[in-house]
**Q** 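First the structure, then my questions, so here it is.
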Amino acid sequence: MNKEDEMKEVELNEMDQEKQPMTGETPTGTEKNGSVKVKVPEDAEVKFTGLSKEELMKVAGTAGWVRTRWALLVLFWLGWVGMLAGAIVIIVQAPRCKPIPEMHWWNEGPLYQISNLDAFSKNGLKGVEEKLDYLSQMKVKGLVLGPVHSVQADQSSALELTSINPDFGSESELTSLLDRAHRKGISIVLDLTPNYRGVSSWFNNAASVAEKLKKACVYWLNKGVDGIFLSDLNDIVNTYAWSSIQAIFNKTDGTPKKALMGTASSLSVDETSLLLNQSGVDLLLTKLPYPAGLSGRQATLMQRLCSGHQEASLGWGLGQTAGSQASRTPALPVKLYQTLLFALPGTPVFSAGDELGLKAGEAMWEDVNSTAEEERTAVRNFFKTLSDLKGKERSLLHGEYVNLHNSPTSLAFLRLWDQSERFMVAVNWGNDSISMTPTNDDLPAEARVRATTDIEKLAVDSKVKLEKLELGSKQAVLLSYPFPG
Amino acid sequence: MTDGPRQRGSAAPSTASEDGGAADTGNTAGQSVALKKEIGLVSACGIIVGNIIGSGIFVSPKGVLENASSVGLALIVWILTGIITAIGALCYAELGVTIPKSGGDYSYVKDIFGGLAGFLRLWIAVLVIYPTNQAVIALTFSNYVLQPLFPTCFPPENGLRILAAICLLLLTWVNCSSVRWATRVQDVFTAGKLLALILIIIMGIVQICKGEYYWLEPANAFEPFQDYDVGLIALAFLQGSFAYGGWNFLNYVTEELVDPYVNLPRAIFISIPLVTFVYVFANIAYVTAMSPQELLASNAVAVTFGEKLLGVMSWIMPISVALSTFGGVNGSLFTSSRLFFAGAREGHLPSLLAMIHVKRCTPIPALLFTCISTLLMLCTSDMYTLINYVGFINYLFYGVTVAGQIVLRIKQPDMHRPIKISLVWPVIYLLFWAFLLIFSLYSEPVVCGIGLAIMLTGVPVYFLGVYWDNKPQCFNTFVDKMTYLGQKFCVVVYPMEEVKKTDESAEGIELKEQTAPLSAEGEETPKSADC
């Protein structure tokens, strides 16, 4: 109280002093104001500067204004602290991030399988190295090469799993390819299926070559190869040597994990599921029939696998026979399969040429007429679009699988993860158009088209109503909608 | 001319009323002269470096690399952008001493091209550029502060916005309270971001010593991961320019420089090469730890870099970026107030916005206006779209200003030019500017068009608010009353000292004039000098 009184007295004194000069100025000021107005009208306007300091202090220093300003200041800080508290509450109450499952390099994007190196490039392994930029642009994460080892058809005695067939190149070329690929973030998997030129992958006696396989795995992994691929996995898994082969891949020495991959053909749903559990492989590749078209049984297989297994172990590819390009006669558009493979839980595995929609007898790098070139470019751009989405969207990378609709000729499912954008896929491989009514708790009224094989009816980035989704014959569409907070 | 007599009239009574006037005047004059020139060479360099280095260097490398298509070309883009920035700064330096006014390029454009052009610059800056920039920087701050808590998903949207508002309000209060505190905040956070960059560079050097320099070898550095494209390269330069933004801030404080004719060009030649060096080596460091593919896959390069090399201490990077953006908001508030002053002085803005606190010497009305408009931006979801629109206009005026330098040489060749540079430099700058501008228009015609449309909304405002002299009396009365009300709320007055500074012939009287307020108020000299 005393201090305030003293301050007020000081202010009053200052005012008293200020009054005298103002009194002295008055006559002079008046004259000058008059002259200013007469001479330069604009200057008069420019010179308006509100209250002068003396005038302001008279008014602003009064108790009322001082009290008002203090009140405003207190309100400001109360508001600020309130906002801070509100922010803290919102942040604390917000759900934490859902833990991301363990991801390996083969879970982060598509794999590209080059079974027939001669068809891919006349230069064998060296030719593959020359195309690494091409593969990198498509966000390919790993290459599955070969088989490229030395063997004679149906002669197990001639099997040399640690030697490279001169037809495909040399070991130094493979080393160079490995180094270059790793620089570009691409891993290399070698296909060591023993009797790849003969009748039976395992010479009808897998146990007889198990030891050679074991040594070869150690050899190639030490050379820097990132994984090993085996066909007809069910034959080797049942041998006594399998557990020791598997142990080679379970080392935890800090380096990126080595992958043990395989495939098996003509298995039932239960057999495939059992094999996946029994073998402990890092990735089991399931081939979808192409170009014949999916069957109801195949659809069931997909759903059962997607629902029952960690997607990190699932792989999806095309074709009955691995890398058999000669038999490729498309009855279904390849884009439909691309959509399906990129959207399913797990890793899409494409054979060389799948990204271009390569037809029977066509060579990868051969010049074609302008119409075919446009078609290839369109298919490849479609592939890249899906590949980009797969690599960026968490729902597609490791989201939950929710079945929405299925029939013998069509399928629709949902991929969702935490608060990320949701993705919905609808595929119709039948000969007739279909109309779906997908139902799920958080489906919104409409969704956005992200990729489509039917550009005319479902344009990219357009909105589609979900209550009645119509899909033409042999068409597929990928939709997305935001997390419904 | 009309100011002279008035000043003499006001000075006489003060002198008469004080017996020891002569002695006091001498002492005070000495102190005033010394305190007015507070910014030396080191401080000038600090201002430039502090304003250029912001969140850009922690985020832009991805954009530059993505569009440059190879590591080698990306580094070349960073170097060339630094050179172009230095050239632009030199052009601004000549303008800065030729037209020694606060307000930077707004003042230059107005004086050279006329009131309308200047007003449009002011309009777009005050209404859109400053609010959106501050809102985006504040949101970036929020994102990085919460990053350790939400490493793999998005923080709650409301939490982000409230946190950004908290940051903004706190800094507004700091800037309203004290000029000294505001500059201290700037110094502290400038040091913080420099430390982060030095840490990045040191880690990069360590990596190189370990043999991790595959992507720096010439054969590999220039190996493109996608085909080169001229349009994309232009985008790379734009991304780089974003990281160098803030190079023209020294022009806002030219009047406060010690020996400006010598220190201004020196500060430029020291600071911008230094920043370029830091930026290039930061990018080199990034590339030692990440392949181009990894760098492109990251949304926050510095954070990914930290995660790779720092291990348990990886939290340092998001915090460093957050501190950097915090300093960025502070710097933006600081500079926007000077632009408001310049605009109001020219009659393009209400005079209230140029007023400063009686004792604290802080531009409270300007800061409050900026704060409120930024809060409005935080409430909208179209902010990022808007900043895309006006980013083009902002870049447009850099070229207009540099072109103005050439025009000024032609129109007024005999003008006093303490710093004079060859016309080759503005021509080089304009060629580069035209290149980027054309590609911007070509690749994003709609976005650029909307930006221009937003700017042109200022034309009717100019003619109604500024050009129209004979406004109705009731309008003037209303404006006067609002001004008085604002003054009483904020205790602010028009800064008379700065107006008088423009009149060199009245310098002697100016010193005497300053004596009266000082002695009458009994305030400490340093605070008054801060005005």
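Note: hydrogens, waters and symmetry copies are ignored here, and every other heavy atom, side chains too, is used. Everything numeric here is computed off the predicted structure, so don't read it as measured data. The chains referred to below are lettered A, B, ... by the order of the sequence lines, with proteins before strands, and numbering in each begins at 1.
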**Q** Restricting to non-hydrogen atoms, name the atom on B/Leu163 and the atom on A/Ala87 that form the minimum distance, rounded to 0.1 Å.
**A** N-CB, 4.5 Å
**Q** Answer with side chain, backbone, both or neither: which region of A/Leu132 has an atom nearer than 4.5 Å to a non-hydrogen atom of chain B?
**A** neither
**Q** Which heavy atom in A/Leu73 sits nearest to a heavy atom in B/Trp173, and how many Å separate them?
**A** CD1-NE1, 4.0 Å
**Q** What heavy-atom pair brings A/Met83 and B/Ile162 nearest, and what distance separates the two atoms?
**A** O-CG2, 3.3 Å
**Q** If you round to the nearest 0.5 Å, how far is CH2 of A/Trp77 from CG of B/Leu170?
**A** 5.5 Å
**Q** Under the rule for side-chain contact (heavy atoms from CB on, under 4.5 Å), what residues qualify as partners of B/Thr374, not counting sequence neighbours?
**A** B/Pro131, B/Gln134, B/Ala135, B/Leu168, B/Thr370
**Q** Between CG of B/Leu149 and CD1 of A/Ile91, what distance do you get to the nearest 0.5 Å?
**A** 7.0 Å
**Q** With a 4.5 angstrom heavy-atom cut-off, could you sort out which part of B/Leu160 is near chain A: side chain, backbone, both or neither?
**A** neither
**Q** Name the region of A/Tyr134, side chain, backbone, both or neither, that has any atom closer than 4.5 Å to a heavy atom of chain B.
**A** neither
**Q** Mind listing the closest non-hydrogen atom pair of A/Pro95 and B/Phe150 along with its distance?
**A** O-CE2, 3.7 Å
**Q** State, to 0.1 Å, how close B/Ile166 and A/Trp80 come at their nearest heavy-atom pair, and which atoms those are.
**A** O-NE1, 3.0 Å
**Q** Could you list the residues that satisfy side chain to side chain donor-acceptor pair (under 3.5 Å) with A/Ser176, not counting sequence neighbours?
**A** A/Glu129
**Q** Looking at A/Phe76, I want to see if its CZ is surrounded by more than 12 non-hydrogen atoms of other residues, nucleotides or ligands under 6.0 Å.
**A** yes
**Q** Can you name the nearest heavy-atom pair linking B/Lys488 to A/Arg69, along with the distance?
**A** O-NH1, 2.9 Å
**Q** Hey, mind stepping through A/Trp65 and B/Val491 against side-chain contact (heavy atoms from CB on, under 4.5 Å) and telling me if it holds?
**A** CA-CA 10 Å; A/Trp65 281 107; B/Val491 196; over 6 Å; no
